Amino acid sequence: MGILYQMNKLNMKNSELYKQLISKENIYKAIYSHDSYVFEKELLSDEDIMLYSKLSDKYDIETINCTIWKCRKKLMKAIEDDEFFFEIDVYFKPKKLDEDGNEDYRPMHTADLITQICIVSMLNLIMFDDSDGKRNLSDICKLIPSNFYGNIPSTAVESIFKPWAKQYSDYSTAIINANKEYAENKKFKYEVNLDLEKFFPSIDPAYIYSFIWDRISSFYNDKDKEVLNKILTKLLYFRVIFDYKPHDFKEYYKGTEPEIQFQEGITYFNRGIPQGLPQAYLFGNFCMIDVAKTIAENIEGDAYYYVDDSVIYTNTKAHEFVKIIKSINVKLKERIKLNKETEDHLKQHKDLKSLSRKLQETYNIKIHQCKVGSKTQISGISYQDYLSELARPASTLTFQLKSTFEDLEDETLRKKLEALLEYIRIKLKEAISKGFETQTTLLKRYKKFYLYRLRILDF
């Protein structure tokens, strides 16, 4: 067994994919784009925040070289050691109150800065093709449809994703323009908003493994395939550190049957795709490709997606809607599932295999049914002229927040945000008083968008 292990290790080290992964150039690209994927900087340790700041100086050769060395060492261990998995922390963001009035939380994940750079070093090999000296999207990233707007891979080396503020603005503008067009030409009568239930925790990591492996593994030789298997496994499965917090553990694995109990000496892994880490949003889009196909097969119309958020213009009648959603959910359960032929990658760690089986029933992508409190709804198309006026400032606000230099500029921006929020409040009140509450989705989106920016300014 020892000789076989050493031979496999030697084979991987001779792999071109392995050499590319640990190359100084690849790791430096991950460092260079670090500002685009560390989503929760305030959760980093003080030491990591200092390192993050130093790495922003692209001429600090000493810090960059030291970081490359640390990342290379960790990447080599991740590929060569089957027992090694990156460690991540989980925290919970309040989401809403459930039907019983209990708080519902969204699990978010974070990791130390070196780990996040290692993750993107691996992710670079899946997302991009830099073989001709320029950054190009990989073939698998080109599968993301043109009507997807959220977390779209970017060919700019300083950012692995296109700037979200502009993408969200483009998404909102596209919806507003479609709303206006169909209100005038009557091509479609209804606007449908679909809400996926606990999207990231309900994605089976093994499904994403299958999705990627089936599409790219044939381009690699046997040595590279072995490395690719390790890369995908370490991008999909992580050791979750609970620091002996029983409440966090219970909340994280809530809803499993039978309920997962904490035991000393057991390694616990992530549930679903760990939202908050750099790769999660790309993998979310991969899952949404099949979700969007299934929806299109059942609801004919014009669709727009921002990861799991969607708006569809259709002639599907309201009374048919509940039945269609049930049908879609049945098809999603059949379509988005573990490919048994690729289950072997779970067998290398007994705790991972055991936990994956316990979580299997929770991996079920489904759309919320239309009911009170759900964002899933259908309404007649009703265009409001003021929506385009609310969309315009959205794309420039992020830049303005970063570029203010004095208190007067801050105060001017504050008054602008307060005026926009007051205008939205008035329009929401009008819509509700006229019984048009189902047509306020965009207004509520803009309210959240501007309110969050106001809080950033206050901070």
Side-chain angles (χ1 to χ4, degrees), residues 37 39 106-109 123 126-127 137-154 160-162 164 167-168 170-172 174-175 178 191-216 232 235-236 270-314 324-325 327-339 362-368 374-376 441 445:
Y37 58 78
F39 302 115
R106 175 182 285 115
M108 301 295 290
H109 306 75
L123 202 56
I126 295 170
M127 291 180 71
L137 293 183
S138 66
D139 288 341
I140 195 167
C141 280
K142 290 176 184 175
L143 294 175
I144 297 174
S146 61
N147 63 338
F148 280 34
Y149 290 85
N151 306 114
I152 303 301
S154 167
I160 61 171
F161 296 114
K162 291 181 179 180
W164 81 267
Q167 288 302 114
Y168 194 82
D170 289 349
Y171 172 65
S172 298
I175 292 170
E191 180 181 279
V192 174
N193 293 275
L194 298 179
D195 180 30
L196 291 172
E197 187 175 329
K198 296 186 177 180
F199 179 61
F200 287 96
S202 65
I203 303 173
D204 189 343
Y207 165 77
I208 299 298
Y209 181 99
S210 301
F211 182 93
I212 299 172
W213 184 267
D214 292 347
R215 286 160 181 79
I216 69 174
L232 291 179
L235 281 175
L236 288 162
N270 51 287
R271 178 179 184 174
I273 300 300
Q275 188 176 2
L277 296 180
Q279 81 287 6
Y281 302 98
L282 175 70
F283 293 166
N285 271 335
F286 286 166
C287 182
M288 282 302 299
I289 290 173
D290 270 342
V291 173
K293 283 180 182 176
T294 308
I295 291 170
E297 289 165 5
N298 292 270
I299 303 176
E300 186 179 347
D302 184 16
Y304 302 84
Y305 292 91
Y306 194 95
V307 192
D308 59 325
D309 189 16
S310 62
V311 177
I312 303 168
Y313 295 96
T314 181
I324 287 173
I325 289 179
S327 175
I328 291 173
N329 285 339
V330 169
K331 290 173 183 175
L332 287 176
K333 188 169 185 177
E334 179 61 30
R335 191 170 201 161
I336 301 178
K337 63 181 182 180
L338 169 66
N339 181 345
T362 71
Y363 292 145
N364 182 16
I365 305 292
K366 62 181 179 179
I367 300 168
H368 272 295
S374 171
K375 288 187 280 186
T376 294
T441 304
R445 280 203 196 108

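Fair warning: this is a prediction, and the values are worked out from it, not measured in the lab.
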Checklist entry - If you draw a 6.0 Å radius around CD in Glu300, do more than 12 non-hydrogen atoms from other residues or ligands fall strictly inside? => result no
Considering all heavy atoms of both residues, which atom of [X] and which atom of [Y] are nearest to each other, and what is their separation?
| X | Y | value |
| --- | --- | --- |
| Glu197 | Ser202 | O-OG, 3.7 Å |
| Gln275 | Ala280 | CA-CB, 3.9 Å |
| Tyr171 | Val311 | OH-CG2, 3.8 Å |

Min side-chain heavy-atom separation [X]-[Y] under 4.5 Å:
| X | Y | answer |
| --- | --- | --- |
| Cys141 | Leu282 | yes |
| Arg271 | Thr362 | yes |
| Ile144 | Pro153 | yes |
| Leu196 | Met288 | yes |
| Ile126 | Leu232 | yes |
| Asp195 | Ile367 | no |
| Pro205 | Asn270 | yes |
| Leu236 | Ile273 | yes |

When rounded to the nearest 0.5 angstrom, what is the spacing between [atom1] in [X] and [atom2] in [Y]?
| X | Y | atom1 | atom2 | answer |
| --- | --- | --- | --- | --- |
| Tyr209 | Leu235 | OH | CG | 11.5 Å |
| Phe200 | Leu277 | CZ | CG | 11.0 Å |
| Arg335 | Ile365 | CZ | CD1 | 13.0 Å |
| His368 | Asn193 | NE2 | CG | 13.5 Å |
| Ile203 | Ile336 | CD1 | CD1 | 8.0 Å |
| Leu194 | Ile312 | CG | CD1 | 4.5 Å |

Main chain of [Y], side chain of [X]: is a donor-acceptor contact present, judged purely on distance under 3.5 Å?
| X | Y | value |
| --- | --- | --- |
| Asp302 | Ala178 | no |
| Tyr363 | Gly272 | yes |
| Ser154 | Lys162 | no |

Checklist entry - Run the side chain to side chain contact (heavy atoms under 4.5 Å, CB included) check on Phe199 and Val307 step by step: do they pass? => result CA-CA 10 Å; Phe199 179 61; Val307 192; 4.1 Å; yes
Checklist entry - Of all residues at least two apart in sequence or in a different chain, which pass the side chain to side chain contact (heavy atoms under 4.5 Å, CB included) check with Asn147? => result Pro145, Ala303, Tyr305
Checklist entry - What residues form a side chain to side chain contact (heavy atoms under 4.5 Å, CB included) with Asn298, not counting sequence neighbours? => result Thr294, Ile324, Ser327, Ile328, Lys331
Checklist outcome for this item: Which of Tyr304, Tyr149, Tyr306 passes ring pair (Phe, Tyr, Trp, His ring centres under 6.0 Å) with Tyr168? Answer is Tyr306
Next on the checklist: Please evaluate residues Phe161 and Ile152 with respect to the criterion side chain to side chain contact (heavy atoms under 4.5 Å, CB included), reporting the C-alpha separation (whole Å), side-chain torsions for both, the decisive distance (0.1 Å), and the verdict.
Outcome noted: CA-CA 5 Å; Phe161 296 114; Ile152 303 301; over 6 Å; no
Item to check | Pairs involving residues 274-286, ordered by first then second residue, that meet salt bridge (charged side-chain N to carboxylate O under 4.0 Å, His left out) (sequence neighbours left out) | outcome: none
Item to check | Check: Tyr207 ring centre within less than 6.0 Å of Phe283 ring centre | outcome: no
